[in-house]
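Start at 1 and go down the list; that is how both ligands and their atoms are numbered. This is a predicted model, so every value here is computed, not measured.
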Amino acid sequence: MSAGSPKFDYDVAIIGGGSGGYAAARTAAGHGLKTVVIEGGEELGGLCILRGCMPTKALLYAAEVMHLVRHPETWGIRTEEVSFNFAQVMARKDALIKEFADYRAHQLQTGKFKFVRALASFIDPHTVELSTGEKLTAKNFVIATGSKIAPAPLPQLYTLDCLNSDTALKLKQLPQSLIMLGGGAVAVEFAQFFARFGVRLTLIQRSPHVLHEFDLDAESELEKVFRREGITLYTGTKLLDARRLGAHKEVTFAHDGQTVRVQAEEVFFALGRHPNIASLALERIGVHVEYTRIVTNHRLQTNLPNIYAVGDCAGLHEIVHIAVQQGEIAAHNIAHPDHPLEMKYRLLTEVIFTEPQIAAVGLTEKKADVLNVPYLAASYPFNDHGKSLIMDAKDGFAKLLADPTTGEIIGGCCVGPMGGELIHEIIAAMHKRMTVHELATMPHYHPTLAEIWAYPAEELAEMIPLSPAHFSRG
Ligand SMILES: Cc1cc2nc3c(=O)[nH]c(=O)nc-3n(C[C@H](O)[C@H](O)[C@H](O)COP(=O)(O)OP(=O)(O)OC[C@H]3O[C@@H](n4cnc5c(N)ncnc54)[C@H](O)[C@@H]3O)c2cc1C
């Protein structure tokens, strides 16, 4: 361990012990820096474990099992009466989360760094005041304070006491009907969970389609499945009003030139998250904040060169492995200022854990068009693929985008069974800068879901002449 910088208590102080903060701490301590993690939450674990990725995926998997059990006829299986015990569904999720959170608490408390339970706010660029009343100094800081549920765009929504992704995880019983406000990842995942457990669901989304950062083919596929499963979808809406109506809650919105009113027992607010930075008193030290997020360069440095920000508080991508990677890079850069690393987003991946799962890496067609990047695209449907027919999982497709000159794969999208797993083949291929020609000739075991990638790869390979570079690579 370093003896610390002579003038400061620590080489690095990390504010926030979630995924980004823990990754930064482990890396900084691993590089021999005298490190402290300051964590101010009531519970240890961070968003991913306590109220994000893990509990929601545990619930979605239960919903998938529920759906399969309710529709066994395809396989010649008969079930007499299917029912469920919601308390048990939630208890299984709680037990898993406790295990993950206990492990993270253990990692934080036994790491090669000091761990302090307190909220921190800045006094000057090298000093924070803790909620315990103490002060602590550090040569460098990594801010990793995460995000919180965004404020409501309509003040009337506050009178409804809406559910959100925090409170829904603590429900003791299911409502009979629910209005989902929003069409992003959190909205569509929770919507399918509730609907598959028998809640009458209406989803109201402002943009013309759900998941608007994906291509239209992916958005439309999910909308098709949602409608088939009985979810009522309103897209391209504008919220106008919200109020209580006896035992129900009512939301009024404009849609297709009409004013529409929908009532339900509960309203779920899923209109996004904002960086959680209010408690840090950043205004005292002049850290640059834009649209509520801390601005950093690709080295994760804010405008104050000794202060870094990682994860949701730096706000561009609310994705846990990005928070982790940013934490590691920030810590590396503090330890090795002469050999800095930069965050690269070429392999940016997003997965939506609905059924079908929706996963994309690199460029989408939408993004390529905005960035003016030339591409060729080809896709192949799961309703014409051996393994997915065996599984009766016929929704969706696998799509590749390739550079029209070199054939390098520049994007992939998989909507379909285990799309979140399947996309990793394309992440690996893009990581190694593979061409569609190489992917097309790579062996795929039969019959697997993964072999679907060979079809768009072959189609693109036929369209793109092999470059001399391909032969020289062997
Ligand atoms: C419902 C939901 C589902 C999600 N599902 C996925 C998914 O499937 N896959 C995926 O990649 N991402 C998912 N995410 C996003 C993912 O959880 C986040 O991107 C990630 O957890 C952010 O990590 P972080 O380290 O930035 O913040 P956090 O994990 O939130 O950590 C921030 C920590 O800072 C502490 N803190 C805050 N202020 C202070 C202060 N002033 N002083 C000291 N401590 C402070 C907090 O107590 C907290 O522990 C999901 C999010 C939600 C809400």
For ligand 1, find out whether one of its N or O atoms is nearer than 3.5 Å to an N or O atom of [X].
{"X": "K57", "value": "yes"}
{"X": "I15", "value": "no"}
{"X": "A323", "value": "no"}
{"X": "G20", "value": "yes"}
{"X": "D312", "value": "yes"}
{"X": "L280", "value": "no"}
{"X": "E189", "value": "no"}
{"X": "S165", "value": "no"}
{"X": "G52", "value": "no"}
{"X": "L47", "value": "yes"}

Heavy-atom contacts with [X] under 4.0 Å: which atoms of ligand 1 show up? List them by number with element.
{"X": "G146", "result": "26 (O), 27 (O), 30 (O), 32 (C)"}
{"X": "C48", "result": "17 (O), 21 (O)"}
{"X": "G46", "result": "29 (O)"}
{"X": "I38", "result": "43 (C), 44 (N)"}
{"X": "S19", "result": "25 (O), 29 (O)"}
{"X": "G311", "result": "26 (O)"}

Taking ring pair (Phe, Tyr, Trp, His ring centres under 6.0 Å) as the definition, give me every residue that meets it alongside F194, ordered by chain and number, with sequence neighbours left out.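 Here no residue qualifies.
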Residues two or more places apart in sequence or in another chain: which of them pass ring pair (Phe, Tyr, Trp, His ring centres under 6.0 Å) with F253?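 If we apply the ring pair (Phe, Tyr, Trp, His ring centres under 6.0 Å) test to F253, skipping adjacent residues, the hits are Y234.
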So, the side chain of H385 versus the backbone of T448: is there a donor-acceptor pair under 3.5 Å, distance only? yes
Got the closest protein heavy atom to [atom], with its distance?
{"atom": "atom 41 (N) of ligand 1", "value": "S279 OG, 2.9 Å"}
{"atom": "atom 31 (O) of ligand 1", "value": "G18 CA, 3.4 Å"}
{"atom": "atom 15 (C) of ligand 1", "value": "E318 O, 3.5 Å"}
{"atom": "atom 32 (C) of ligand 1", "value": "A144 O, 3.2 Å"}
{"atom": "atom 46 (C) of ligand 1", "value": "E39 OE2, 3.4 Å"}
{"atom": "atom 11 (O) of ligand 1", "value": "V320 N, 2.8 Å"}
{"atom": "atom 42 (N) of ligand 1", "value": "A120 N, 3.0 Å"}

Counting only heavy atoms, which portion of C313 has something under 4.0 Å from ligand 1: side chain, backbone, both, or neither? neither
Hey, are the side chains of [X] and [Y] touching, using non-hydrogen atoms and a 4.5 Å cut-off?
{"X": "D217", "Y": "K399", "result": "yes"}
{"X": "V116", "Y": "E39", "result": "no"}
{"X": "L233", "Y": "R227", "result": "yes"}

Ion pair present between D102 and R104, side-chain N to carboxylate O less than 4.0 angstrom?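 The answer is no: the pair does not qualify as a salt bridge.
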Salt-bridge criterion met for E213 and K366 (N-O under 4.0 Å): no
Given A168, C53, G40, identify the one with the heavy atom nearest to atom 12 (N) of ligand 1. C53
Nearest option to atom 37 (C) of ligand 1, as decided by whichever heavy atom of L44, V310, I143, N276 sits closest: N276
Audit row: H274, Y291, ring pair (Phe, Tyr, Trp, His ring centres under 6.0 Å) steps and yes/no: CA-CA 9 Å; H274 275 183; Y291 303 118; over 10 Å; no
Test of ring centre spacing under 6.0 Å for F84 and F197: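 When the ring centroids of F84 and F197 are compared, they turn out to be within the sub-6.0 Å range.
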Flag the pair F214 / H209 as yes when their ring centroid distance falls below 6.0 Å, and as no otherwise.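 No.
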Looking at Y10, does the NZ or CZ of K34 lie under 6.0 angstrom from its six-membered ring centre and within 45 degrees of the ring axis? yes
Give the ring-plane orientation class for H332 versus H31, where under 30° counts as parallel, over 60° as perpendicular and anything between as tilted. perpendicular
Once you measure the plane-to-plane angle for F193 and F190, does it fall in the parallel (<30°), tilted (30-60°) or perpendicular (>60°) bin?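 Rings of F193 and F190: perpendicular, over 60°.
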